[in-house]
**Student:** 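Right, I'll just put the structure down here and ask away after.
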Amino acid sequence: MVCSQRCRPSIGARGAAVIGVCVVAVIATCIALAVCLTINRNPPQDSAPKPAFDTDGDLLEYLLNLGSIDRKDGLLVTWYHSANKKSELAAGLKSDVMVLEADVNIEGHNTPNETDKPIMAHPPAIYSDNSFQEWLDVVLNSSSKGIKLDFKSIKAVDPSLAILLKKSSEVKLNRPLWLNADILMGPNVPINTAVNASLFLSLIQEKYPNCTLSLGWTTLYSFLFPNKTYTQKMIQEMHSIVGTLPQRVTFPVRAVMVRLAWPHFSWLLAQSDRYSLTLWQGKTDPITVEDLLFIRDNSRAEQIYYDIYDPVLSQFKEAALNSTRKRFYYPGGNLLDYFHPADSDELWIEWYGMDRYENRLETLSSLTGE
């Protein structure tokens, strides 16, 4: 039988399979190329691992490494207060503050329902929706902020340190850790409510020594009554307790009382390069910008932290960073703090002898340019 039309050749099943494989290969190649171009155009933001940082390291050095500050100056550090409840912690984590402050107590403290579970609560609160374990997990998993833990009861210290130790064995904390307690009786306090100093410090040395100690005095201040300030005896007692400890130590001091006691605090700061002050403000404390400027002018920038409320803090920062403002100097202070010689080197300070009246006039004329 003769076909009336030219017969079309059939590709067959094998040919169809070959064509299908080729089409799939082409599509896969195109997808792979597109993915490569996308990755190269948008590299991962956090691809480089952050360098490890010890929990006992310098807070200013840490923030400098992060790029949060451009120089070692305690005035540049920002703080979030009472990041205790889950909602408060969430707000602190969303903010741009550098250090989270939180209070650690024991659940049901001094009640029949007391447990050994550390919770995040500031007295008089003794219950919380946030345990210390939960708080620590969230902070470590979602931020690089520094940590300051304020212990309100000696009973909360041991179980909290155990949690810190266990967590540190699982992951690197990679940030400075401050452990705070008021361990001595301070100004205007009628009843001693301080945390037991020897027990607090011995627990830290035994359980978790890799920290910065934040050790203060209990205080009371009211503008309705005469107020005393920190005494020489209080300052010397604190130094006698912490002077031989290996950790960095910052002393939280009530800012409204510091200027009148500055001779004592100036002496304290001179005792060790490990020492610093953290000025804090009660919500109604009437501190002034001038008092804060006096403290800054008579100390090194890295020696003082300022945990102060606005608007005083903003006004103080503006004035403190003004290079042309008038300085407030303490006559008994350090010459290095007064002259600020290059590299803080005493060799750059020049001395002039004025033995005779004529020499005094000549020297004063040369110094004043007259």
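Here, residue 1 is the first one in the sequence, and each next residue gets the next number.
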**Student:** Hey, does E114 have a side-chain heavy atom less than 4.5 Å from the side chain of I106?
**Tutor:** yes
**Student:** Find out whether H122 and K152 are in side-chain contact, i.e. whether some heavy atom of one side chain is under 4.5 Å from a heavy atom of the other.
**Tutor:** yes
**Student:** Could you pull out all residues at least two apart from Y80 that satisfy ring-ring contact (aromatic ring centres under 6.0 Å, His included)?
**Tutor:**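 For Y80 there are no ring-ring contact (aromatic ring centres under 6.0 Å, His included) partners, ignoring immediate neighbours.
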**Student:** Can you measure from CG (L184) to OG1 (T219) and round to the nearest 0.5 angstrom?
**Tutor:** 12.5 Å
**Student:** Any chance NZ of K85 has more than 12 other-residue heavy atoms, nucleotides or ligands included, within less than 6.0 Å?
**Tutor:** no
**Student:** Run the salt-bridge test on D116 and K155 with the 4.0 Å N-O cut-off and return the result as yes or no.
**Tutor:**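 The answer is no: the pair does not qualify as a salt bridge.
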**Student:** State, with a plain yes or no, whether a side-chain heavy atom of L269 is found less than 4.5 Å away from one of I304.
**Tutor:** yes
**Student:** If you measure from CH2 on W267 to CD on Q232, what distance do you get to the nearest 0.5 Å?
**Tutor:**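 Answer rounded to 0.5 Å: 8.0 Å.
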**Student:** Any heavy-atom pair between the side chains of V104 and I119 that's under 4.5 Å?
**Tutor:**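 Of all side-chain heavy-atom pairs linking V104 with I119, none is under 4.5 Å.
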**Student:** Nearest 0.5 Å, please: how far is CG in D103 from OG in S153?
**Tutor:** 12.5 Å
**Student:** Are M257 and V189 joined in one hydrophobic group, where the rule is that I, L, V, M, F, W and Y side chains link up if heavy atoms are under 4.5 Å apart?
**Tutor:**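 No, it is not one cluster - the side chains of M257 and V189 are not joined through contacts under 4.5 Å.
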**Student:** Determine whether E290 and R259 make a side-chain contact, defined as any pair of heavy atoms from C-beta on separated by less than 4.5 Å.
**Tutor:**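 Yes, their side chains come closer than 4.5 Å.
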**Student:** In terms of side-chain geometry, is the basic nitrogen of E101 or K148 positioned less than 4.0 Å from the acidic oxygen of its partner?
**Tutor:**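 A salt bridge links E101 with K148.
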**Student:** Verify the neighbour count for atom CG of D129: are there more than 12 heavy atoms of other residues, nucleotides or ligands below 6.0 Å?
**Tutor:** yes
**Student:** Looking at CZ of R300 and CG of D73, how far apart are the two atoms once the value is rounded to the nearest 0.5 Å?
**Tutor:**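 R300 CZ to D73 CG: 12.5 Å, rounded to 0.5 Å.
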**Student:** Between the side chain of N130 and the main-chain N/O of N84, is any donor-acceptor distance below 3.5 Å?
**Tutor:**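 Yes.
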**Student:** May I ask you to decide if the ring planes of F132 and W135 are parallel, tilted or perpendicular, using 30° and 60° as cut-offs?
**Tutor:**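 F132 and W135: parallel rings.
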**Student:** Between E302 and R71, does at least one N-O distance fall below 4.0 Å, as a salt bridge requires?
**Tutor:** no
**Student:** Will you find, in the side chains of T250 and Y275, an N or O donor that is under 3.5 Å from an N or O acceptor?
**Tutor:** no
**Student:** Does the side chain to side chain donor-acceptor pair (under 3.5 Å) test come out yes or no for Y208 and S168, once each step is laid out?
**Tutor:** CA-CA 10 Å; Y208 206 93; S168 297; 2.8 Å; yes
**Student:** Are L177 and L165 co-members of a hydrophobic cluster defined by side-chain heavy atoms under 4.5 Å apart?
**Tutor:** yes
**Student:** Going by heavy atoms in the side chains, are S276 and F251 under 4.5 Å from each other?
**Tutor:** no
**Student:** Mind checking whether M185 and V253 sit in one hydrophobic cluster, side chains of I, L, V, M, F, W, Y counted as touching below 4.5 Å?
**Tutor:** no
**Student:** Please check if the side chain of R327 supplies one atom and the backbone of D297 the other of a donor-acceptor pair under 3.5 Å.
**Tutor:**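 No: the side chain of R327 does not pair with the backbone of D297.
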**Student:** S214 pairs by side-chain hydrogen bond (donor to acceptor under 3.5 Å, both in side chains) with which of T278, D182, N180, D150?
**Tutor:**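 Exactly one pass, corresponding to N180.
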**Student:** Please confirm whether the ring centroid of W217 lies under 6.0 Å from the ring centroid of W280.
**Tutor:**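 No; W280 has its ring centre 6.0 Å or more from that of W217.
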**Student:** Could you tell me whether the side chains of T324 and N322 share a donor-acceptor contact shorter than 3.5 Å?
**Tutor:** yes
**Student:** Indicate whether any N or O donor in one side chain lies under 3.5 Å from an N or O acceptor in the other, for T115 and E107.
**Tutor:**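 There is such a pair between these side chains.
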**Student:** Give a yes or no on whether a salt bridge exists between K166 and E170, defined as a side-chain N under 4.0 angstrom from a carboxylate O.
**Tutor:** yes
**Student:** Determine whether V99 and T78 make a side-chain contact, defined as any pair of heavy atoms from C-beta on separated by less than 4.5 Å.
**Tutor:** no
**Student:** Under 4.0 Å between a side-chain nitrogen and a carboxylate oxygen: does that hold for R254 and D285?
**Tutor:**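 D285 and R254: salt-bridged.
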**Student:** Hey, could you give me the CD1/OG distance between I235 and S240, rounded to the nearest 0.5 Å?
**Tutor:**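 The OG atom of S240 is 11.0 Å from CD1 of I235, to the nearest 0.5 Å.
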**Student:** Give the ring-plane orientation class for Y230 versus F265, where under 30° counts as parallel, over 60° as perpendicular and anything between as tilted.
**Tutor:** perpendicular
**Student:** Heavy-atom distance under 4.5 Å between the side chains of D56 and T212, does that happen here?
**Tutor:** no
**Student:** Please indicate whether E318 has more than 12 foreign heavy atoms, meaning atoms of other residues, nucleotides or ligands, lying under 6.0 Å from its CD.
**Tutor:** no
**Student:** Please check if the side chain of N188 supplies one atom and the backbone of K228 the other of a donor-acceptor pair under 3.5 Å.
**Tutor:**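 Looks like yes, one N/O pair under 3.5 Å.
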**Student:** Are a donor atom and an acceptor atom from the side chains of S198 and N196 found within less than 3.5 Å of each other?
**Tutor:** yes
